[in-house]
Amino acid sequence: MKIRHYLTVTLGGLISCLLLVTFLLALWPVTIRVDHDWLKPLALLMASALYLGGVGLLFRYLHRIKPRTGKWLSGGLWLAFLVIQLWVATTWVAAPRADLYFVHQQALNLLNGHLDWSSYFYVYPNNVTFTLLLSGIMRVGHLLTGSYSGVWLNMVQFAWLDVGLLAIWQQLRRHNPARANLFLVLIMTTVPLYAYALNTYSDTYVLPLGLLALVAFRHLQRAQSWEQITWRSILLSCLLVAAYLLKANFIVLVIAVLVAIWLRPNQSPHQSFTRCLLTLVLLATLVVGGGLTTKWQKANGYTVDANQSLPATSWVAMSWNPHSYGQYKRADVNAIRQQPTKAAKQKLASQTLTTRLHDLGWQGILQHLFRKARLFLSSGTFDSFQINPAFDRAPNWYRQHRATSDWFLANWCQISYLALILVNLGWGVQQIRRYHLTSAYLLGGLFFMGLICFHVIFWETEERYALPVLFLLIAGTAAGYRQPLNILRYSQRSRWLPLGMALAFTTLLGFAAWQNTNLMVRSNSDPVSVISQNEGQYFQNHQLTLKSNRSLTQPFTASLPFDQITVNNGERLTGRLTLKNALGKTVWQSHGRQLRLNQALPLQPAGRYRLTVTNRSPKDITLTTAPATYRLLLEPLSAHPDQYLRFAVTQQSVAPVLSNGKFWLLFGAMWLSGLLVIDRFYWYRRRI
């Protein structure tokens, strides 16, 4: 028993150390992604302190209201949360791109009875199970709504996420209704939740399974009779295996549960019975679940082709590419794909990994691990602004002001991320000082450590793989928030203390504002996206041949004014581009025979257009297109149904990251919020 206790406390210390490292990394987020215009570390730190002050005041209020009022408040918060979700689900519809394009198209093929699978799934078999699941969801949607609309998928995804959130909320409410309401407020203001609810991919569907597994683990620990132990072990095992089959990196949650159940005591009269039974049931469920999934795949026409699949070593080798942060590298994938057999692929992957580790050396390995850790842990956006690069439906105000909106939302994510880490770090330190760790903190921490080991040391690294960490931090903040020592109670001895703190805060904030003045000077030259049909590049290069003196026409509808058109990544063409409006009038035409397919043109108003590419070369040329039986755009290529040209329509907008007015509004709001927090903590001296 003592060994288990010492191991538990040691793991708690390690979890706290990792949280501290994560906090330090989050002060300097990576700058290789789109949302790279971060506030300086001092501004982020001060804003996160304000966030914590707001959480503290909110917790005081929630803790002091009457139980009856708390019930009404809970109902009101859930109603507001559902209304916000309904608005987001019906207003934004993300366009399936990259992996989602193949998954979405294959699901539709299955619905139409076509059991032939794209070569994509033989290279990436990890998405087969999710594709089958998505096909079933779309079938139900077609029966209920008569269509496969993105709104239906959005509603399903929000509802499924709510199941996991409701389970955590109920668990918190059993112990403290104020903490449950605090959890709901934090979730309601979590931007990645909404971004991923619009993203039809396995990340969205696996997350509630993980949250439900955490709750099921807690119920198993409280089980006393053998019937309770058996059924709860089966339920927990099914949730864990389902999560693993949808997303392989959730194997670390399986391992975390096994470690936690053997380390932490439970309420069973014979604790070893619970531990042994769960272990056996979980192993049996893994075997049975894997077998049933394989049969399900075969019944739908899919069988694994070992000569096409990427070996696990190739992913490890790719993650150790010294020229990246451990991200997906298409060049590495193509090099492995070109090998004809499984053995040849495995040999090249092993050689690549060995060579890279040797070339890096110990110093290079440590530096590369640091870079991967930064990418994985430093961003509180969790890739929210890249997973949905294009929308089939979105408000025009968002399209026009997306750069500014995403900047504010990204920095809000970072501020809240820092605050959540601090609360969980404080909770962990408190538990270590008491020499006792709660099972929930230990299990969540083990999962956190497992994800870090899996993606930082071994596998490919992307911010979205750390998404479960965000929800663990939110649950941990709601469960473990404690009011800090209120130093302002000493104001009875020194009434000048609040004024001194206000002056110190004003001075620091003024310095932080001075550090960030470049936001009003540096240009944000990212264009406003009007049309983005960028399929036809990732994994495949489907092309249409355009013969000499022939034309190809792509109709499109622009929701905003535009002044830039890019076709085929701006490659050269001997020919002409012609743009006609809805009346058939030519509003713009390129000049010269030799041109780049990246053309600036006079600003055109929003409306319906037809873009024509004409080949004036004596030779045939090829244009990249994407085949799809669903609408990548409102209309396909003329005379080529189910084909869409790969092109982009943009509006050039060269402006500072923040205008003077928005900049001073931001820091003015921070200043007033800080004074309010200091004032309220001064008057509400009562400690909870």
Side-chain angles (χ1 to χ4, degrees), residues 26-29 31 33-58 80 84 87-88 91-92 185-186 188-192 194-195 379-381 384-385 394-420 498-499 501-528 560 651-681:
L27 284 174
W28 285 272
T31 57
R33 308 297 286 183
V34 174
D35 46 304
H36 62 274
D37 293 313
W38 298 105
L39 289 168
K40 298 296 183 183
L42 178 60
L44 288 175
L45 193 60
M46 296 188 69
S48 65
L50 293 179
Y51 184 96
L52 280 176
V55 170
L57 293 175
L58 176 64
I84 293 172
W87 174 65
V88 174
T91 306
W92 278 268
V185 172
L186 294 176
M188 195 183 305
T189 56
T190 299
V191 175
Y194 302 99
S379 175
T381 66
S384 298
F385 303 103
N396 279 349
W397 63 262
Y398 176 74
R399 294 183 189 272
Q400 184 69 58
H401 303 287
R402 182 170 183 176
T404 304
S405 300
D406 286 0
W407 184 89
F408 275 105
L409 293 174
N411 280 279
W412 169 259
C413 290
Q414 200 68 20
I415 291 164
S416 60
Y417 183 49
L418 286 164
L420 296 174
L499 180 59
M501 292 191 66
L503 289 174
F505 169 76
T506 302
T507 302
L508 285 174
L509 187 63
F511 183 67
W514 173 77
Q515 284 186 322
N516 288 275
T517 51
N518 63 335
L519 294 174
M520 296 185 291
V521 178
R522 187 174 68 249
S523 293
N524 178 10
S525 58
D526 292 334
V528 176
L560 297 172
Q651 178 191 124
Q652 294 298 315
S653 175
V654 179
V657 177
L658 289 180
S659 64
N660 291 357
K662 291 177 181 176
F663 179 87
W664 292 114
L665 179 63
L666 171 65
F667 280 92
M670 290 175 62
W671 181 64
L672 292 176
S673 299
L675 295 182
L676 178 64
V677 168
I678 293 173
D679 177 71
R680 291 302 88 192
F681 271 105

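The structure presented is a predicted model; accordingly, all values stated were derived computationally and were not measured.
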Quick one: are [X] and [Y] in side-chain contact, heavy atoms under 4.5 Å?
{"X": "Trp28", "Y": "Trp38", "answer": "no"}
{"X": "Val191", "Y": "Phe385", "answer": "yes"}
{"X": "Thr91", "Y": "Tyr398", "answer": "no"}
{"X": "Asn411", "Y": "Leu44", "answer": "yes"}

Walk me through it: do Leu45 and Leu418 pass the test side chain to side chain contact (heavy atoms under 4.5 Å, CB included)? CA-CA 8 Å; Leu45 193 60; Leu418 286 164; 5.8 Å; no
Starting at [atom1] of [X], measure out to [atom2] of [Y] and round the result to the nearest 0.5 Å.
{"X": "Lys40", "Y": "Phe511", "atom1": "NZ", "atom2": "CZ", "result": "11.0 Å"}
{"X": "Leu52", "Y": "Leu420", "atom1": "CG", "atom2": "CG", "result": "8.0 Å"}
{"X": "Tyr417", "Y": "Ser48", "atom1": "OH", "atom2": "OG", "result": "13.0 Å"}
{"X": "Leu509", "Y": "Ser673", "atom1": "CG", "atom2": "OG", "result": "10.0 Å"}
{"X": "Asn660", "Y": "Thr517", "atom1": "CG", "atom2": "OG1", "result": "10.5 Å"}
{"X": "Leu666", "Y": "Leu519", "atom1": "CG", "atom2": "CG", "result": "9.0 Å"}

List the steps, then state whether side chain to side chain contact (heavy atoms under 4.5 Å, CB included) holds for Arg402 with Val528. CA-CA 7 Å; Arg402 182 170 183 176; Val528 176; over 6 Å; no
List the steps and the verdict of side chain to side chain contact (heavy atoms under 4.5 Å, CB included) for Leu50 and Phe505. CA-CA 11 Å; Leu50 293 179; Phe505 169 76; 4.0 Å; yes
Verify, without hydrogens or angle tests, whether [X] (side chain) and [Y] (backbone) share a donor-acceptor contact under 3.5 angstrom.
{"X": "Ser416", "Y": "Cys413", "result": "yes"}
{"X": "Trp407", "Y": "Leu658", "result": "no"}
{"X": "Ser384", "Y": "Thr381", "result": "yes"}
{"X": "Thr190", "Y": "Leu186", "result": "yes"}

Sequence neighbours excluded, every pair satisfying side chain to side chain donor-acceptor pair (under 3.5 Å) that has a member inside residues 503-512: Thr506-Trp671
Least distance between heavy atoms, Ala47 atom then Met670 atom: CB-CE, 3.9 Å
If you take all heavy atoms of Pro29 and Gln414, which pair is closest and at what distance? CG-NE2, 3.4 Å
Any chance the rings of Tyr194 and Trp92 have centres within less than 6.0 Å? no
